[in-house]
Number of protein chains: 2
Amino acid sequence: MARGTLNRRVGISDVAEKAGVSLATVSRVMNGNFTVAADIAERVRAVATELNYQPNPTGRNLARGKTDTIGVVVPDLGNPTFQTVLRGVSRAAAQDGYRVLIADSSEVSSEESILAGEARRRCDGVVLCAPRMSDAELAELAPTLHPLVLVNRTTADPSPSLTVDYGRGIQDLAAHLVDLGHTRLAFSAGPANSASNALRLAGLETFMSAHPGVELQILPGGSTFEDGHASADAVLASGATGILAFNDLTAMGLLSALNERGVNVPADVSLTGFDDIQFAAYTTPPLTTAAVPSMDVGEQAWRQMRALLNDTDIPDPALVFAPHIVVRGSTGPAPR
Amino acid sequence: MARGTLNRRVGISDVAEKAGVSLATVSRVMNGNFTVAADIAERVRAVATELNYQPNPTGRNLARGKTDTIGVVVPDLGNPTFQTVLRGVSRAAAQDGYRVLIADSSEVSSEESILAGEARRRCDGVVLCAPRMSDAELAELAPTLHPLVLVNRTTADPSPSLTVDYGRGIQDLAAHLVDLGHTRLAFSAGPANSASNALRLAGLETFMSAHPGVELQILPGGSTFEDGHASADAVLASGATGILAFNDLTAMGLLSALNERGVNVPADVSLTGFDDIQFAAYTTPPLTTAAVPSMDVGEQAWRQMRALLNDTDIPDPALVFAPHIVVRGSTGPAPR
DNA sequence: AAGATCTGAGAAAGCGTTTTCTCAAACCGT
DNA sequence: ACGGTTTGAGAAAACGCTTTCTCAGATCTT
């Protein structure tokens with residue numbers, strides 16, 4: 001009884017009836033259409049608030065052919081970088097009355113396409129962060145996802161993209177180490193299929209050709225704290241004194257492993273991270289890293305998406321963000 | 001031209017027409033309704049894949065009166081704890097084919113009600129994390145949000161809730177410090193309007209009445225890294241040797257400020273955090289803290305929500321998670 | 001003051017599905 | 001072979017809005 005009585009949400013027709021107008025008029029009033037006489041509009045509004053009428057979004061969505069929602073697909077909600085991007089997108093989108101549907105592919109890249117497609121169908125557009133997806137798959141997927149904004153990826157598809165110049169960043173970090181006198185460097189690499197890792201490797205390659213006196217070893221690594229921790233022995237075995245970690249997470253893992261082994265950072269070896277996640281400033285020693293403005297990336301991703309949705313001109317369809325290095329305590333002069 | 005030609009997505013009627021059947025039959029096939037003859041079903045399926053037909057979710061949502069989406073409202077997407085809860089919810093929900101819409105109230109608690117209501121309208125249910133909302137507001141809001149699952153809050157509303165026994169956790173931490181010989185404790189408190197802070201305070205109160213010989217000062221604090229950092233002077237001025245920080249973030253901020261001041265942790269003062277966020281294990285010294293299984297909280301929140309949605313029995317409508325303390329290097333014997 | 005132009009609001013046609021009705025054809029028992 | 005069940009699929013009615021179409025009445029024209 002209680003159930004049947006309370007329920008059945010108040011709909012537009014209830015308002016129309018009670019206000020003595022047609023559905024169309026209620027709709028017009030609710031949508032701020034000014035072709036309704038002021039007094040009628042007022043009456044409708046009064047009834048609407050009295051009945052606490054809230055338009056059913058699903059109905060609206062269907063009628064308007066849009067959902068005021070965008071999908072954000074991330075490889076891992078546990079990754080601080082994507083968390084920050086997501087946060088940036090979410091806040092910026094919220095400013096414009098849009099909501100965000102998240103799709104966490106759990107690093108299972110085979111899921112990414114499916115998730116992205118599903119998100120696209122449910123939403124007005126998709127912001128895609130798919131660092132592990134192959135170029136081929138991305139090329140095939142992208143055209144089916146419009147409106148689409150790519151984060152840290154580019155492809156032949158004309159969708160706007162936001163990218164970080166990882167190559168530049170890693171070079172700056174390497175230069176910083178070399179400036180400190182390090183001549184034996186090691187890069188604890190990221191996952192093999194990571195697009196941003198490829199960018200770093202390319203950057204290092206150009207760096208090395210410009211610095212013949214410097215030696216660089218590429219060591220297998222990963223992207224997580226644990227990967228960094230596990231790479232400690234290989235890093236030490238390399239004999240390098242300047243260590244470039246794939247990102248802050250691996251740098252932190254490595255740092256902790258080095259601490260455990262009694263290796264002093266930065267006295268014995270210097271260590272750099274990448275991303276400048278929130279916690280990088282609070283390790284001991286604090287991490288020298290290349291700061292990626294992930295929040296901005298997220299925010300701009302929304303800007304681009306908004307332009308796409310309104311089909312306004314996209315000022316710059318390929319925004320690239322330059323990381324800037326922040327020097328903290330984890331790097332110091334090379335030991336003699 | 002190109003535009004007009006490509007677009008207009010393939011709908012159920014295209015499939016119906018091409019397969020020579022009615023819309024209803026296509027719908028039945030797509031939904032696995034077995035009242036369709038095998039050969040027809042096969043033909044429909046073939047046409048569907050040929051045309052790459054994917055049902056429009058908005059249409060389905062309207063017809064079915066559900067969206068297969070739940071909303072998660074969090075106070076701040078930048079907060080590691082909520083990130084983890086969100087992740088837990090998202091993954092668990094994804095397993096069951098549900099998606100997650102996020103609503104970040106940006107710590108503006110006046111927005112929370114509105115966001116939550118909006119999320120509820122767009123989704124089939126809401127998981128609400130609203131640590132700062134007043135009890136009164138929550139009591140008023142909760143009944144309008146069903147199906148609702150509350151995280152770290154309870155109210156008269158019969159919605160299931162997942163709570164963490166912060167009172168127990170802080171007592172365990174305090175006991176740990178006392179066991180180490182600390183008799184002068186300080187609690188760097190959380191935000192005044194934080195529900196979980198109140199729980200901690202209550203826990204401390206019962207702890208104190210059971211430990212007459214121990215002295216405890218309550219210091220104003222906050223919930224962020226910066227708050228912790230800023231509280232350093234007050235903490236030192238208190239003369240306490242055992243410091244209970246509101247959470248890991250403030251503990252980390254405090255730790256870093258203590259380092260800056262040359263105060264040795266744990267030789268000079270012992271410090272505890274709360275939550276056991278991912279990074280707590282990697283500070284120097286690593287943080288002694290009370291581990292909150294946030295991922296589980298998220299996962300169980302989904303379980304409860306699922307039960308609500310299927311209106312299955314809710315085994316236990318008020319799950320309380322006991323934090324377990326993990327002792328690391330930030331706590332040690334009281335200095336003599 | 002008669003025709004032309006505006007205005008404002010109702011009627012009705014979508015939006016893309018699902019699901020209830022309906023009903024012909026196939027099947028059953030006797 | 002004939003009424004009584006099943007079965008299977010189409011027609012049509014939701015679902016809750018927005019928006020186009022329409023058209024009566026009010027407002028201008030000259």
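The figures here come from the full heavy-atom set of this structure, side chains too, leaving out hydrogens, waters and symmetry mates. Numbers restart at 1 for each chain; the letters A, B, ... are given by sequence-line order, proteins then strands.
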Rounded to 10°, the angle between the first-five-pair and last-five-pair axes of the helix from C:dA1-D:dT30 to C:dT30-D:dA1 is 30°

If you find the nucleotide of DNA chain D closest to B:Ala63 and the one closest to A:Ala24, which residue's nucleotide is nearer the 5' end?
B:Ala63

Does a donor on one side chain sit under 3.5 Å from an acceptor on the other, for B:Thr81 and B:Thr84?
no

B:Ile12 atom CD1 is separated from C:dT19 atom C1', nearest whole Å, by 11 Å

Can you check the B:Arg9 CZ to C:dC15 P distance for me, whole Å?
14 Å

Over how many whole Å does the gap from A:Arg43 atom CZ to C:dG8 atom P extend?
15 Å

What are the residues of residues 27-37 of chain A, sorted by number, that bring a heavy atom to within less than 4.0 Å of DNA chain C?
A:Arg28, A:Thr35, A:Val36, A:Ala37

Residues which pass side chain to side chain contact (heavy atoms under 4.5 Å, CB included) with B:Asn52, listed by chain and number, not counting sequence neighbours
B:Gln54

Rounding to a whole Å, what distance do you find between B:Asn56:CG and C:dG16:C1'?
6 Å

Output the rounded distance in Å from CD1 (A:Ile40) to C1' (C:dG8).
8 Å

Please give, in whole Å, the distance from C:dT18 P to A:Leu62 CG?
12 Å

Atom-to-atom span, NZ of B:Lys66 to P of C:dT19 - whole angstrom:
10 Å

When you compare the side chains of A:Asp157 and A:Thr155, does any donor N or O come within less than 3.5 Å of an acceptor on the partner?
no

Write out all pairs satisfying side chain to side chain donor-acceptor pair (under 3.5 Å) with one or both partners inside residues 117-127 of chain B, taking only residues at least two apart or from two chains.
A:Arg99-B:Glu118, B:Thr67-B:Asp124, B:Glu118-B:Arg122

Taking all non-hydrogen atoms of both residues into account, name the closest pair between B:Val89 and B:Gly298 and its distance.
CG2-O, 3.3 Å

Could you give all pairs that pass the side chain to side chain donor-acceptor pair (under 3.5 Å) test and reach residues 37-51 of chain A, with sequence neighbours left out?
A:Lys18-A:Glu50

Nearest heavy-atom neighbours spanning B:Met305 and B:Gly125
CE-C, 3.8 Å

Close side-chain approach of A:Arg132 and A:Pro75, heavy atoms under 4.5 Å
no

Give the rounded distance in Å between these two atoms: CZ of A:Arg60 and P of C:dT17.
21 Å

Mind checking which nucleotides bracket the chain A contacts on DNA chain D, 5' to 3', with an atom under 4.0 Å from a heavy atom?
D:dG16 to D:dT20

What one should report as the nearest heavy-atom pair of B:Ala307 and B:Asp313 is CB-O, 4.1 Å

Inspect the contact between B:Arg91 and A:Asp76 and indicate whether a charged nitrogen and a carboxylate oxygen are less than 4.0 angstrom apart.
yes

Salt bridge or not between A:Asp14 and A:Arg9? Use side-chain N to carboxylate O under 4.0 Å.
no

